[in-house]
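Structure, as structure tokens:
Fair warning: this is a prediction, and the values are worked out from it, not measured in the lab.
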Amino acid sequence: QVQLIESGGGLVQAGDSLRLSCSASGRALISDAMGWFRQAPGKEREFVAAINWIGSETGYADSVKGRFTISRDNLKNTAYLQMNSLKVEDTAVYYCAASRFSDLQVESKPYHYWGQGTQVTVSS
């Protein structure tokens with residue numbers, strides 16, 4: 001059984017930075033693409049960022065492009081989301097996920113393991 005545990009969320013002010021981490025246990029996720037999604041109150045879950053199994057390809061939602069950076073450390077079985085220049089509209093619960101596939105996945109359907117989420121709140 002694979003478990004994904006997110007950490008690093010919190011309350012920050014607009015313009016601040018946060019780094020989210022997603023640690024996996026149960027098995028190595030070296031062959032799995034990883035992704036970050038978020039869900040704001042009253043809204044559907046949306047794609048934020050994704051990375052392929054080796055970290056050579058990344059993809060971002062237009063709303064975070066240039067501000068967020070996804071990365072992974074396969075030796076540590078951990079994925080990261082560096083979030084800079086945070087905006088109020090970035091407020092959401094952020095989820096990490098592991099895909100069934102190795103290549104970059106920007107849709108939620110290929111992801112079969114999900115974390116419990118970490119709250120990010122950005123105040124003005």
Side-chain angles (χ1 to χ4, degrees):
Q1 183 73 16
V2 173
Q3 280 193 314
L4 301 178
I5 300 176
E6 302 97 336
S7 61
L11 172 63
V12 296
Q13 291 190 323
D16 286 349
S17 298
L18 276 177
R19 188 195 196 201
L20 304 184
S21 297
C22 172
S23 297
S25 63
R27 69 167 176 83
L29 296 179
I30 189 171
S31 61
D32 302 26
M34 300 291 292
W36 286 93
F37 294 78
R38 67 186 182 187
Q39 187 167 21
K43 294 187 177 181
E44 292 188 353
R45 185 174 58 193
E46 64 176 0
F47 166 75
V48 175
I51 189 168
N52 69 342
W53 72 282
I54 194 65
S56 61
E57 287 186 276
T58 58
Y60 299 92
D62 288 343
S63 59
V64 307
K65 207 171 289 186
R67 300 187 298 122
F68 290 11
T69 303
I70 188 172
S71 61
R72 65 189 297 161
D73 185 337
N74 286 342
L75 292 179
K76 295 182 178 179
N77 224 21
T78 301
Y80 305 95
L81 185 68
Q82 177 67 41
M83 306 186 295
N84 298 330
S85 303
L86 282 162
K87 303 177 180 180
V88 172
E89 51 264 43
D90 293 320
T91 295
V93 177
Y94 283 71
Y95 300 89
C96 75
S99 170
R100 295 180 178 86
F101 307 106
S102 299
D103 56 333
L104 195 66
Q105 304 289 335
V106 299
E107 301 289 336
S108 62
K109 200 170 183 180
Y111 291 88
H112 58 157
Y113 297 124
W114 293 82
Q116 82 289 349
T118 185
Q119 176 71 48
V120 172
T121 303
V122 185
S123 64
S124 58

Within this structure, what is the CD-CD distance for the pair Q39 and E46, rounded to the nearest 0.5 Å?
9.5 Å
Of the non-hydrogen atoms in S124 and A14, which two are nearest, and what is the gap between them?
CA-CB, 4.5 Å
Which heavy atom of W114 sits nearest to which heavy atom of S108, and what is that distance?
CZ2-O, 3.9 Å
R100 and side chain to side chain contact (heavy atoms under 4.5 Å, CB included): which partner among Q105, H112, K109?
H112
Does one hydrophobic cluster hold both L86 and V93, with members joined at side-chain heavy-atom distances below 4.5 Å?
no
Apply the test salt bridge (Lys or Arg N to Asp or Glu O under 4.0 Å) to residues K87 and D90: give CA-CA distance (whole Å), side-chain angles for both, the deciding distance (0.1 Å), then the verdict.
CA-CA 5 Å; K87 303 177 180 180; D90 293 320; over 6 Å; no
For the residue pair S63 and R38, establish whether any side-chain heavy-atom pair is separated by less than 4.5 Å.
yes
Could you see if L18 belongs to whatever hydrophobic cluster contains Y95? Use Ile, Leu, Val, Met, Phe, Trp, Tyr and a side-chain cutoff under 4.5 Å.
no
Where the side chain of E6 meets the backbone of C96, is there a donor-acceptor pair that is under 3.5 Å apart?
yes
Over 12 foreign heavy atoms within 6.0 Å of CD, E89:
yes
When you look at W36 and M83, which way does the side chain to side chain contact (heavy atoms under 4.5 Å, CB included) test go after all the steps?
CA-CA 12 Å; W36 286 93; M83 306 186 295; over 6 Å; no
What's the shortest heavy-atom distance between L29 and A24, and which atoms?
CD1-CB, 3.2 Å
Please round to the nearest 0.5 Å and tell me the distance separating atom OH of Y94 and atom CG of L81.
7.5 Å
Give me the atom names and distance for the closest heavy-atom approach of N84 to S17.
OD1-OG, 2.9 Å
Give, for atom CD of Q13 and atom OG of S123, the distance between the pair rounded to the nearest 0.5 Å.
5.0 Å
Just verifying a value: how many Å separate M34 CE and T78 OG1, rounded to the nearest 0.5 Å?
8.5 Å
hydrophobic_cluster_shared for V64 and Y80, side chain cutoff 4.5 Å:
no
What's the spacing between S7 OG and R19 CZ if we round to 0.5 Å?
9.5 Å
Could you pull out the closest heavy-atom pair between I30 and N74, with the gap in Å?
CG1-ND2, 3.5 Å
Is V48 reachable from V122 through a run of hydrophobic residues whose side-chain heavy atoms are each under 4.5 Å from the next?
yes
Could you report the tightest heavy-atom contact between A33 and S102, atom names first, then the distance?
CB-O, 3.7 Å
Salt-bridge test for R72 and D32: reply yes if a basic N is under 4.0 Å from a carboxylate O, no otherwise.
no
What distance do F37 atom CZ and Y111 atom OH have between them, rounded to the nearest 0.5 Å?
5.0 Å
Treating Ile, Leu, Val, Met, Phe, Trp and Tyr as nodes and any side-chain heavy-atom pair under 4.5 angstrom as an edge, say whether F47 and V120 lie in one connected cluster.
no
Donor-acceptor pair, N77 side chain versus S25 backbone, under 3.5 Å?
no
Going by heavy atoms in the side chains, are Y60 and V106 under 4.5 Å from each other?
no
